Structure formats: C-alpha cells, structure tokens
Asks: 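Attaching a single structure in structure tokens format; questions to follow.
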Amino acid sequence: MAPRLTLISPDFTRLWFGQAVSSLGDMVFSTTLMLWVATVLAGEETWAPAAVSGVLVAGGTAVLVVGPIAGVFVDRWDKRRIMLGTEVLRGALVALLTAVAFLPTDALPAGVWLALVYGTVLVLHAAARFFAPARFTIIADLMKGDADRARAAGITQATSQTALILGPPLAAPLFFALGVQWALLFNALSYLVSYLAIRSVRIPPSPKTPPAEGAAPAEGGGEQGTPAKLGGSGVLAEFVAGLRFFGRSKFLVALLVFAVIGQFGVGALNTLNIFFTTGNLNMPAHLFGYVGMAIGAGGIIGALCAGRVVQWIGARRTTWMGLLVSGALLIAYSRQSSLLGGLALLVLFTVPITMLNTAMAPLLLTAASPAYRGRVVAVFQPMTQVASMLAAALSGWLAGTVLSDFEGSVAGIGFGPIDMILAVAGLVILLSGFYARLALPETGTAEPVRAEAEEEPGKAGEPGAGDTGRAAAAVPPAPRPDRP
C-alpha cells in the first residue's frame, strides 16, 4: 500500500487541505476584484485608485467592527458549526456575485457594481472574523504540546505564503482570458472544498464555557453541538469579561505590545517599499513583482523551519531573537543600493519575521484559557489591524510631507527620506526585541498564566490554573511584511 501524506495528524491534514484550497481561492478572488475594479468598473476614470482602495477599506472595516465582538460568540457556539456555516455563507455569496457578473457591465451603473463588490467583501471578511478564531480553537484541541503547535503554525504560514505567490499569477490569466465570472467561480468552489474538508474532521468536545461574572447563563451553555443564545446584555458582559481576562494577563499584554510595535515597524516597509526599490535599488517598476516573490520565498523558508527552531530553542527565545535579527536586517536593507543585495536581504529579513510569528502561536495558546480563546483572538486582530493602518498612514505622510526633502547623515552615513524611515522602522523592531527579551521569562510556558490565574481563583468565568490550548491557523498576526 502506498504511504499517505499526513501532516502531524490525519485531522490536521484535512483542515490543512481545506485551508490550502481556500487560501488559493481567496488570493485569486482578491486579485480578480482589484483587476475588475481597476480595469473594467472604474476603467480610465480619475477616481479609479479610490475605487480600488474601497475594496481594502471594506475588508478592514469588517475586521475592526465585527472582529472584537465575534470572539464572544465563538467562545459560546459550537466551533465546527461556525466553520461550516461561514463556509456556506461565503460560498453562496461569492456564487451570487458570480451569477450577477454574467450581466453586461453596462447593465448596471458603476456605483451599483461597486456597492455589490464592497458589500461582498465586507460580508466575507465579517464571516472570516468568526471562522478564524473557531479554526484557531479547533486546532488547539487537535494539537498537544509546543512543538506540534509550532509545526502546525509553520505549515499554515507556509501555505499562506505559497498562496500569495501562486494566486495572483493564476488570477490574471483567468480574468483576462476567460472573464471575471470564472475567476470568481474558482473561489466559490474553493469554499465547497473547504466545507467538505471540515466535515471530515473529527473534533474533540470543547470545554463548557463558564458565564461571565454578573451575566445570566447563556441558553445551551456553549456545549459541543449546542449553540448558546446570548442576549444583548449577555454579549456585552461576555465581551467585557474577555477584556478583563486579557488585561489581567501581563503575558498576553506583552505579546500584544510586541505585535503592535512590530506592525509599526513592518508597516513602514509595506507602504514605502515600492519607492525604496525603484529609487534606492534602481529597480524598474515593471519588475516590482520580484519583491513579492522574495517576501514569499522568505516566508516559506521561515515557516517551514519555525517548528524545528521552536523545538530547539523554545518559543520565547525564537520570539525575541526573531525581533532582534529582523530589526537588524531591516536596518541593513535600508542601506542597500544594489538590486540583488536588496532582494537577498529582503528574503533574509522575512525568514525571522515569519519564525517569530509562528513562535507566538504556542505562547498565545498557553496564555489563553480555552474559555477565552475566541476573545483573545478578537483583541489581537483589531489592534494589529489598527497598528498596520496607522503605520501605513504615518509613514506615507512623513515621506510625502515632513521628510519629503530630507537629506542628512548619521555617523557619516547619508540618509534620504525613504531609507531614513525604513532604518527607524528597523530600529523600532530591534528595540521591541530587547523589550521581549526582558518581558518573556525563560521558564515553562504555563507559569505566567498559572500565577495570574491563581490570584483570584473564586471569580466566575476565570480559567483554571492548568488551562492550556490551541494552535496555529489564525494566529493573531505578529509583524509580517505583506506581498505588494
């Protein structure tokens, strides 16, 4: 009998396969929407860039508005039903948009087409706010131990990076050769594949979630297979309980600080890299796609190596060392003037960034009680999203206004506006690494949570000392350079 491919476990392999197909479909879908809006719906209009940015705004709005409250329901509802339900919703919605796309473009005003696109993106991202923490929790129940959790996180990161590399080149031929309808249909079918993969996974029962202090017990109790019903006051009480749990954990707060500081550093690179590569590295604009390939390659290498590195030196050391190394490499990248040297350093920079993103998974798992996993994710994702948006706005504003004519030198080394901002961004990441070295002790991963959990053992809704959990899929993002 031929050996079967198994990643960590058969159930994780099925989840991974569904994620791989769905991630590729999502990348094809997002690229197709950009091309459709830019070249067809907006055409040669002067407002075309604003129309394209509206797609990004719609997705970011869903993360900021729906993300924080979604964690409450994820902690109370059956995780498998959430994942299956969101895949049905997203698949049906994309299928509906596909059907409408068969109409001639002039059959509807441009504003109506854009409203359909923005509305679809908004609902898809809102549904993802439920799907991601639910998958986060399910993998926690499937994976045991830091090594397996780090391996699962690494495989997930590598799969996402591969989709980033393969998706856009696949989307463009589908769009221009066959039309927008078939590119959209590809994504709708990917949700069907993900749905079937999730149905085949045997998920162990989740622990019953205790009600928040002062909140009425939710009907159904959150037991496996029985969705809990929460009223408006119950949702607010559960949300506040999640914030209190998060705020009382110095360990969780420290992890969030690393992620936010890192996002400010990497956000500058994401925003200004096109200007740095074309200006400082003298790269022709039509070759900018190679920057995405370099980032994707570094991400794959880092993700595949992360599990072994975490096993060797531990998740804490991987986190703070990753920040130190990536910060130093970003500073070195800002001083490059040759194309090959810049691309090589960009690959090297992405490797430790991806490793620390992966290493934070088991740290977060240990610090988050099973009863609060959804809400912990719901705090991380909006905060890092806000940090990323602020970093993009701040770096773009500085480069375009305050520092637009900047020329200076430090220790005899000349700086212009773009490389100066990137060097400062690298310094920010470097400093966050030193802070992480002090804030993350070298002791066993369960100790920070146990010490804090035992301070107030009598409070309703508080986790027990031995609560551990989760792995990989929707790890709240640590700093990671985006594909251009």
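The figures that follow rest on heavy atoms only: side chains count, while hydrogens, waters and symmetry mates do not. Worth saying up front: this structure is predicted, and the values here are computed from it rather than measured. We count residues from 1, following the sequence as given.
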Asks: For a side-chain contact (heavy atoms from CB on, under 4.5 Å) check, start with the C-alpha distance between Phe175 and Val40, then their side-chain angles and the critical distance, and finish with the verdict.
Replies: CA-CA 11 Å; Phe175 176 76; Val40 178; 3.9 Å; yes
Asks: Is the shortest heavy-atom distance from the side chain of Trp113 to the side chain of Val100 under 4.5 Å?
Replies: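 Counting from C-beta outward, Trp113 and Val100 do come under 4.5 Å.
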Asks: Which heavy atom of Cys305 sits nearest a heavy atom of Met355, and at what distance?
Replies: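 Distance-wise, the nearest heavy atoms are CB-CE, 3.4 Å.
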Asks: Is a side-chain N or O of Arg80 found less than 3.5 angstrom from the main chain of Arg199, in a donor-acceptor match?
Replies: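 The answer is yes, because a donor-acceptor pair under 3.5 Å joins these two groups.
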Asks: Would you give the length of the straight line joining atom CG of Leu323 to atom OG1 of Thr319, rounded to the nearest 0.5 angstrom?
Replies: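 Those atoms lie 7.0 Å apart.
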Asks: Can you list the steps and then say if Leu346 with Gln336 is a side-chain contact (heavy atoms from CB on, under 4.5 Å)?
Replies: CA-CA 10 Å; Leu346 200 56; Gln336 292 302 301; over 6 Å; no
Asks: If we ignore hydrogens and angles and just use 3.5 Å, is the side chain of Thr354 paired with the main-chain N or O of Thr350 as donor and acceptor?
Replies: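 Here the side-chain-to-backbone pair exists.
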Asks: Could you check whether any side-chain heavy atom of Phe29 comes within less than 4.5 Å of a side-chain heavy atom of Thr120, counting everything from C-beta outward?
Replies: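 A side-chain contact under 4.5 Å exists here.
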Asks: Could you check if a side-chain atom of Asn282 sits within less than 4.5 angstrom of a side-chain atom of Leu339, using non-hydrogen atoms only?
Replies: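 A side-chain contact is absent here, since even the closest heavy-atom pair is not under 4.5 Å.
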Asks: What distance do Thr98 atom OG1 and Leu189 atom CG have between them, rounded to the nearest 0.5 Å?
Replies: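 Thr98 atom OG1 to Leu189 atom CG measures 8.5 Å (nearest 0.5 Å).
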Asks: Find the distance between CG (Leu329) and CD1 (Ile353) and round it off to the nearest 0.5 Å.
Replies: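 Answer for the CG-CD1 pair, Leu329 versus Ile353, is 9.5 Å.
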Asks: Within this structure, what is the CG-CG distance for the pair Leu124 and Leu97, rounded to the nearest 0.5 Å?
Replies: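 Here the rounded value is 8.5 Å.
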Asks: Please round to the nearest 0.5 Å and tell me the distance separating atom CG of Leu93 and atom OG1 of Thr86.
Replies: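 Atom-to-atom, Leu93:CG and Thr86:OG1 are 12.5 Å apart.
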Asks: Between Glu87 and Ser194, do the side chains contain a donor N or O and an acceptor N or O under 3.5 Å apart?
Replies: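 Result is yes, a qualifying pair exists.
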Asks: What is the minimum heavy-atom distance between Leu281 and Gly342, and which atoms define it?
Replies: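 So the two residues come closest at CD1-CA, 4.0 Å.
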Asks: Val88 and Leu84: side-chain contact (heavy atoms from CB on, under 4.5 Å), yes or no, with the steps?
Replies: CA-CA 6 Å; Val88 170; Leu84 293 173; 5.6 Å; no
Asks: For Lys79 and Val74, indicate whether the former's side chain and the latter's backbone hold a donor-acceptor pair under 3.5 Å.
Replies: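 Such a contact is found between Lys79 side chain and Val74 backbone.
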Asks: Under the 3.5 angstrom rule, does the side chain of Trp182 hit a backbone N or O of Leu174 as a donor-acceptor pair?
Replies: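 No, the answer is negative, given that no donor and acceptor are paired below the 3.5 Å cut-off.
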Asks: Leu184 and Ala101: which non-hydrogen atoms are nearest, and at how many Å?
Replies: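 That would be CD1-CB, 4.0 Å.
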Asks: Tell me every residue that passes ring-ring contact (aromatic ring centres under 6.0 Å, His included) with Phe130, counting only those two or more places apart in sequence or in another chain.
Replies: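 By the ring-ring contact (aromatic ring centres under 6.0 Å, His included) rule, Phe130 matches no residue at all.
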Asks: With Tyr333, which residues qualify under ring-ring contact (aromatic ring centres under 6.0 Å, His included), at least two apart?
Replies: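 So Tyr333 forms a ring-ring contact (aromatic ring centres under 6.0 Å, His included) with Phe276.
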Asks: Determine whether Trp36 and Val117 make a side-chain contact, defined as any pair of heavy atoms from C-beta on separated by less than 4.5 Å.
Replies: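 In short, these two side chains touch, coming nearer than 4.5 Å.
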Asks: Measuring from Asp419:CG to Ile331:CD1, what's the distance to the nearest 0.5 Å?
Replies: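 So the CG of Asp419 and the CD1 of Ile331 are separated by 12.5 Å.
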Asks: Apply side-chain contact (heavy atoms from CB on, under 4.5 Å) to Phe245 and Leu252, showing your working.
Replies: CA-CA 9 Å; Phe245 169 76; Leu252 283 174; 3.8 Å; yes
Asks: Heavy-atom distance under 4.5 Å between the side chains of Phe131 and Arg90, does that happen here?
Replies: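 Result yes, sub-4.5 Å side-chain heavy-atom pair found.
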Asks: Taking all atoms of both residues into account, what is the closest heavy-atom pair of Ala62 and Ala126, and its distance?
Replies: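 Looking at all heavy atoms of both residues, the closest pair is CB-N, 3.6 Å.
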Asks: Which heavy atom in Ala188 sits nearest to a heavy atom in Gly91, and how many Å separate them?
Replies: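 Closest pair (atom of Ala188, atom of Gly91, distance): CB-O, 4.0 Å.
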Asks: How about Ser23 and Asp26: does a side-chain donor come under 3.5 Å of a side-chain acceptor?
Replies: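 Checked: Ser23/Asp26 side chains show no N/O donor-acceptor pair below 3.5 Å.
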Asks: Give a yes or no on whether the ring-centroid distance for Phe73 and Trp77 is below 6.0 angstrom.
Replies: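 Ring-ring flag for Phe73/Trp77: true, centres closer than 6.0 Å.
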Asks: Checking the side chain of Ser190 only, and the main-chain atoms of Asn187 only, is there a donor and an acceptor separated by less than 3.5 Å?
Replies: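 Yes, because the side chain of Ser190 sits within donor-acceptor range (under 3.5 Å) of the backbone of Asn187.
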Asks: What's the shortest heavy-atom distance between Thr32 and Ala183, and which atoms?
Replies: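 Minimum heavy-atom separation between Thr32 and Ala183: OG1-CB, 3.3 Å.
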